[in-house]
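The structure appears below as structure tokens.
Since the structure is predicted, the reported quantities are computational estimates derived from the model, not experimental observations. Just so it is clear: chains get the letters A, B, ... in the order the sequence lines come, proteins before strands, and each one is counted from 1.
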Amino acid sequence: MTQYGSPEREKTEEERSLNFIEQIITEDIKSGKNDGRVHTRFPPEPNGYLHIGHAKSICLNFGLAVKYNGLYNLRFDDTNPLTEEVEYVDSIMEDVRWLGFDWGDRLYYASDYFEQLYEWAEKLIIKGKAYVCELTAEEINARRGTPTRPGTESPYRNRGTEENLDLLRRMRKGEFREGEKVLRAKIDMSSPNMHMRDPVLYRIIHASHHRTGDRWCIYPTYDWAHGQSDSIERITHSICTLEFEVHRPLYDWFIRELEIFPSRQIEFARLNLSYTIMSKRKLLQLVKEGYVSGWNDPRMPTISGLRRRGYTPESIRYFSDRIGVAKRENVIDLALLEHSVREDLNKKATRVMAVLNPLKLVITNYPEGETEEVDAVINPEMPDPGKRKVPFTREILIEKDDFMEDPPKKFFRLAPGREVRLKYAYIIKCEKAVKNDHGEITELHCTYDPLTRSGMPDANRKVKSTIHWVSEPHAREVEVRLFDRLFLKEDPDDVEKGQDFKSSLNPESLKVTKGYISSGIDGAGALDKFQFERLGYFCVDPESKPDKMVFNRTVTLRDAWAKMAKNPQK
RNA sequence: UGACCGAUGGUGUAACGGUAGCACUGCAGAUUUUGGUUCUGCCUGUCCAGGUUCGAAUCCUGGUCGGUCAACCA
């Protein structure tokens, strides 16, 4: 992981404690289960874009396979033609690949197993473990009982094998309307586990599927497809989220009745992030109702959104590693995700001086019309930091925030009569703040000390701070999109009665502004990463054009001064 | 008011009967031509009550709190 900077000592296997899934796998390997083989899978349903929660699952599933010298599959759980689309299949593959995982030739679709699944359904009927039920969905639900009350058996539960077989075959042929009949497993209507109360295996859907077209009009449910797909692929450890825990008895029941390869389902707690929603349904709503520009809006917690925001695959993998894996509900602090990008970008991002909120500054004793070139460091964290020339002139732009007419005690920047260093250039002294008729400061007049240019002996003089700047005649205007968290509340769903999560939306999650940069960005292409010195990390938006560049703010730098300014009581 | 799962600093996560550690956050300081980075230090924790044991975060019992389950979604 560490490419530059201080060499981090990798912890040895013994030093690093194992999470509960790694413990299970380690024990399985030790006991020779599955011949010591480890094979995992990531099974997305192609009905939406992947988000950071999926990233956790991908890193977990695939990371485990890598760690234990196993294999991992990418499998689309495409059993519901009503909600699934190729657009999603494509985006999912792009995102998984971008995260840094290569599934080789192990790309599968649950729909590839439809025929096998069907054969197994007949097998179950022959064993007397499944039946065609003609109750309506409402009737089935009414008879299912409640978690505290047992259900009642369907009147169709005990029909003969031949009749069941005939009916199922006719269901497949398309002789019935949607909802008219379903195939159900015959288990136990009084089980305390609702999922064991004769779950539906097949439902009739007269819709074409993005892969099987119109070949089928009966589609397997999740329970009927998922475990068997794992088994067909000889998945050893089928890792999923906690809400499927109650499905496990059914998962195991199918394996037992069908006498097929016994994959083992293991559940972990899904990721929750503060100030973020993870529900695909709600994310879709934000997209459809135009609260964001699309699935890849840089404010979205989707992989494609994070990518466009400027996150790197490494930072997301690092994050997944840091958050850990366990079975208890959790809410990860968004600060950890931000820490993860900063950690990575600090090592990689090219430094550039950009002014976003300009205040003109005239160096009155500097020769008019002269331009000199000063050396700027490209990235101080690199073993070979590199240098770049930056033009310096009499009239420059500095950040408005870097000047205060009447500064508080701990403000170290420019103020009347105070000295400051212009990074890579000279030490200047503020002589005068020029105001307009409204009393607003329009420009600053300063003088410079010609002996303090970086590299000269006098440059080592101590000054309280160093600020960034841009030569005004050389300044190039760019568009800058300042993103902030999409939601104001730590838990966006924690809202007043009658309101929904949208009432927690942050109205200031996007501010579009201008920036001025003189050098360092020529030829920068989509998603190239920069640090605007003292401001934050930015990347080139894919919509950016050479003559009209657009930068997205990934995250600000940590800002001790901003924190202090917020808590003036100290 | 059923079944299942869970409970360790502010947030996550370790410790597998023997000194409660790590990361993030927060705070304080050092270094710094980024109030960044880096470095140092500090704050803060085993849900409760019993029991077993020389010894319990860990095992047992009971409670409390939180989550999940009543789609022909996944």
If the [atom1] atom of [N] is compared with that of [M], how far apart are they to the nearest Å?
| N | M | atom1 | value |
| --- | --- | --- | --- |
| B:A28 | B:G62 | C1' | 46 Å |
| B:C42 | B:G55 | P | 32 Å |
| B:U68 | B:U11 | C1' | 23 Å |
| B:G35 | B:G29 | C1' | 15 Å |
| B:C48 | B:C54 | P | 24 Å |
| B:A15 | B:U58 | C1' | 9 Å |
| B:U38 | B:A74 | P | 46 Å |
| B:A57 | B:A7 | P | 15 Å |

[N] OP1/OP2 closer than 4.0 Å to side-chain N/O of [X]:
| X | N | value |
| --- | --- | --- |
| A:H339 | B:C24 | yes |
| A:S465 | B:U33 | no |
| A:K563 | B:G26 | yes |
| A:Q23 | B:A15 | yes |
| A:R534 | B:U32 | no |
| A:K280 | B:C73 | no |
| A:R558 | B:U37 | yes |
| A:R328 | B:U13 | yes |
| A:R203 | B:A74 | yes |
| A:N141 | B:C72 | yes |

Mind checking if [X] touches a base, just sugar-phosphate, or nothing, with heavy atoms under 4.0 Å?
| X | result |
| --- | --- |
| A:V331 | sugar-phosphate |
| A:Q531 | base |
| A:K181 | nothing |
| A:H195 | sugar-phosphate |
| A:P44 | nothing |
| A:Y219 | nothing |
| A:I218 | nothing |
| A:R149 | nothing |
| A:I140 | base |

Who pairs with [N] - Watson-Crick or G-U, where each distance is under 3.5 Å:
| N | result |
| --- | --- |
| B:A56 | none |
| B:C65 | B:G6 |
| B:U11 | B:A23 |

Candidate nucleotides [options], ranked by approach to the side chain of [X] - the nearest:
| X | options | result |
| --- | --- | --- |
| A:P192 | B:G35, B:U34, B:A3 | B:A3 |
| A:R144 | B:C72, B:C69, B:G35 | B:C72 |
| A:F411 | B:G12, B:C72, B:G35 | B:G35 |
| A:M194 | B:C69, B:U11, B:G12 | B:C69 |
| A:A326 | B:U33, B:A14, B:G6 | B:A14 |

Take A:F392 and A:W469 through the test ring-ring contact (aromatic ring centres under 6.0 Å, His included) and record every step on the way to the result. CA-CA 9 Å; A:F392 179 79; A:W469 50 275; 5.1 Å; yes
Output yes if the stacking criterion (under 5.5 Å between centres, under 30° between planes) is met for A:W561 over the base of B:G35, else no. yes
Checking side-chain hydrogen bond (donor to acceptor under 3.5 Å, both in side chains) against A:E419, which of A:R461, A:K429, A:K462 comes through? A:R461
Please report whether the ring centroid of A:H226 lies less than 6.0 Å from that of A:Y222. yes
Before we go on, tell me: are the rings of A:Y108 and A:F76 under 6.0 Å apart, centre to centre? no
Mind calculating the distance between CD (A:E338) and P (B:U11) to the nearest angstrom? 18 Å
Residue closer to the 5' end of RNA chain B, A:E243 versus A:D78 (nearest nucleotide): A:E243
Ranking A:I323 and A:F532 by the position along RNA chain B of their nearest nucleotide, the one closer to 5' is A:I323
Between the side chains of A:E399 and A:R413, is the shortest nitrogen-to-carboxylate-oxygen separation below 4.0 Å, so that they form an ion pair? no
For A:F532 and A:F538, take the angle between the two ring planes, folded into 0 to 90°, and tell me which bin it lands in: parallel under 30, tilted 30 to 60, perpendicular over 60. parallel
Syn or anti for B:A30? Use the chi torsion, O4'-C1'-N9-C4 for purines and O4'-C1'-N1-C2 for pyrimidines, with syn inside 90° of 0. anti
If we ignore angles and hydrogens, is there a donor and acceptor under 3.5 Å between the side chains of A:Y537 and A:E338? no
Between A:S238 and A:R41, do the side chains contain a donor N or O and an acceptor N or O under 3.5 Å apart? yes
